[in-house]
Amino acid sequence: MTDDRRTLATSAVRLAPRLLGAVVTSEVGGQTVAIRLTEVEAYEGAADPASHAFRGPTTRTAVMFGPPGHLYCYFSYGMHWCANVVCGVDGTAAAVLLRAGRVIDGLDAARARRPAARRDVDLARGPARLAGCLALGSATNGVDLLDDSSQVRLTGVRSRRLTGVVAGPRVGISVATQAPWRFWLAGDPTVSSFKAGGRRRRGAGPAD
DNA sequence: AGGACGATTAACT
DNA sequence: GTTAATCGTCCTC
């Protein structure tokens, strides 16, 4: 295992704050787009009821159980794709959701992929928006982010977290809502606005 | 075989 | 502030 991959063979909570400031570069579709990460969330697999991997491996989550340094993409709400960096040692299912970032290369291609974005800081402000900018989806699920020949690569993972990294509750989940496993760069305009986790339950109103 | 529910976003009022 | 869009996945018959 390379040194780079070894640095990812750690828990999601330990890795997540060190991904802030790192760069994801996509060459999908022959267009280069690079994003500097400003917001992430840690998901710890078997120990974390909010993780897709909590109930054990399935077809969808197989990549999460593999070696670190690969990309886990999943389809959400019937419309969107979101992307994670798989971490932890081979056989565990930890991963870090890429929630937001700043486009630092390929601005024109990113704008073309996200016509709804009014400002450039909105292009990758949110996990599905970020995946849209980089054209991540089913075709990129499982790619090795540490292989120079991959269409999607991760560079610049820090050995120590940057100053200005803050932590708080994760977004959009209905269990384990209190764990402060969302990390972002304080004051950065590309970070998504906070929304409390725990959506309203349908068809489960008060019984009386 | 059927149904509930999303690690969301954009467009409304 | 609210809500529609839209479908794969997983759980329960």
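Everything quoted here is computed from the prediction, not taken from an experiment. First the proteins, then the strands, lettered A, B, ... as listed; each starts at 1.
Proximity note for His52(A) (side chain, C-beta onward) versus dA7(B), dT9(B), dA10(B): the nearest is dA7(B). Among dG8(C), dA10(B), dA7(B), the nucleotide with an atom closest to any side-chain atom of Phe75(A) is dG8(C).
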Based on Watson-Crick and G-U pairs with both distances under 3.5 Å, what dot-bracket line describes DNA chain B 5' to 3', crossing pairs as [ ] and inter-strand pairs as |?
||||||.|||||.
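Against DNA chain B, the stretch residues 117-126 of chain A makes heavy-atom approaches under 4.0 Å through Gly126(A). Contacts between residues 57-70 of chain A and DNA chain C, defined by a heavy-atom separation below 4.0 Å, involve Thr58(A), Arg60(A), listed by number. Against DNA chain C, the stretch residues 78-105 of chain A makes heavy-atom approaches under 4.0 Å through Gly78(A), Met79(A).
In this entry the distance linking CD of Glu44(A) with P of dA7(B) reads 16 Å, nearest Å. In this entry the distance linking CD of Glu41(A) with P of dT8(B) reads 7 Å, nearest Å. Nucleotide dT3(C) holds its C1' atom 13 Å from the OH atom of Tyr77(A), rounded to whole Å. Distance Arg129(A) CZ to dT8(B) P: 12 Å, rounded to the nearest Å. To the nearest angstrom, P of dA7(B) lies 17 Å from CG of Leu71(A).
Using a 4.5 Å heavy-atom threshold, the side chains of Asn84(A) and Val96(A) count as separate. Between Val40(A) and Arg99(A) there is no side-chain heavy-atom pair separated by less than 4.5 Å. With contacts defined as side-chain heavy-atom distances shorter than 4.5 Å, the pair Leu98(A)/Val85(A) qualifies. Between Val23(A) and Ile35(A), every side-chain heavy-atom pair lies at or beyond the 4.5 Å cut-off. Using a 4.5 Å heavy-atom threshold, the side chains of Ser193(A) and Arg125(A) count as touching. In this structure, Tyr43(A) and Leu97(A) have side chains that are in contact, with non-hydrogen atoms separated by less than 4.5 Å. Two residues are said to be in side-chain contact when any heavy atoms from C-beta on lie closer than 4.5 Å; Val157(A) and Arg18(A) meet this criterion. In this structure, Arg5(A) and Asp144(A) have side chains that are in contact, with non-hydrogen atoms separated by less than 4.5 Å.
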For nucleotides 11-13 of chain B, print each protein N/O atom paired with a nucleotide N/O atom at under 3.5 Å, atom names and distance only.
none

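A cation-pi arrangement is not found for Arg60(A) relative to Tyr72(A), the charged atom failing to lie both closer than 6.0 Å to the ring centre and inside a 45° cone about the ring normal.
Across all non-hydrogen atoms, the minimal contact from Glu44(A) to Ser51(A) is N-CB, 4.4 Å.
A salt bridge is absent between Arg113(A) and Asp108(A): the closest approach of a Lys/Arg side-chain nitrogen to an acidic carboxylate oxygen does not fall below 4.0 angstrom. A salt bridge does not link Arg170(A) with Glu41(A): every distance from a Lys NZ or Arg NE/NH1/NH2 to an Asp or Glu carboxylate oxygen is 4.0 Å or more.
Note on ring orientation: taking the six-membered ring where Trp is involved, the planes of His52(A) and Tyr74(A) are perpendicular (angle over 60°, cut-offs 30° and 60°).
Backbone-only engagement by Ala128(A) is indicated by non-hydrogen atom pairs under 4.0 Å involving sugar-phosphate atoms exclusively.
Each of Leu134(A), Asn141(A), Val143(A) was scored for a side-chain contact (heavy atoms from CB on, under 4.5 Å) with Leu71(A), with one residue passing: Val143(A).
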Just list the side-chain donor-acceptor pairs under 3.5 Å for residues 182-189 of chain A, sequence neighbours left out, or say none.
from	atom 1	to	atom 2	distance (Å)
Arg182(A)	NE	Glu39(A)	OE2	2.7
Arg182(A)	NH2	Glu39(A)	OE2	2.9
Arg182(A)	NH2	Ser192(A)	O	2.9
Asp188(A)	OD1	Thr190(A)	N	2.8
Asp188(A)	OD1	Thr190(A)	OG1	2.6

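For the OP1/OP2 pair of dG6(B) and a distance below 4.0 Å, the side-chain nitrogens and oxygens of Ser174(A) include at least one atom meeting the criterion.
Once the 5.5 Å centre distance and the 30° plane angle are applied, the aromatic ring of Tyr43(A) is found stacked with the base of dA7(B).
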For Asp120(A) and Arg111(A): C-alpha separation, side-chain torsions, deciding distance, then whether salt bridge (charged side-chain N to carboxylate O under 4.0 Å, His left out) applies.
CA-CA 8 Å; Asp120(A) 288 344; Arg111(A) 287 176 180 143; 2.7 Å; yes
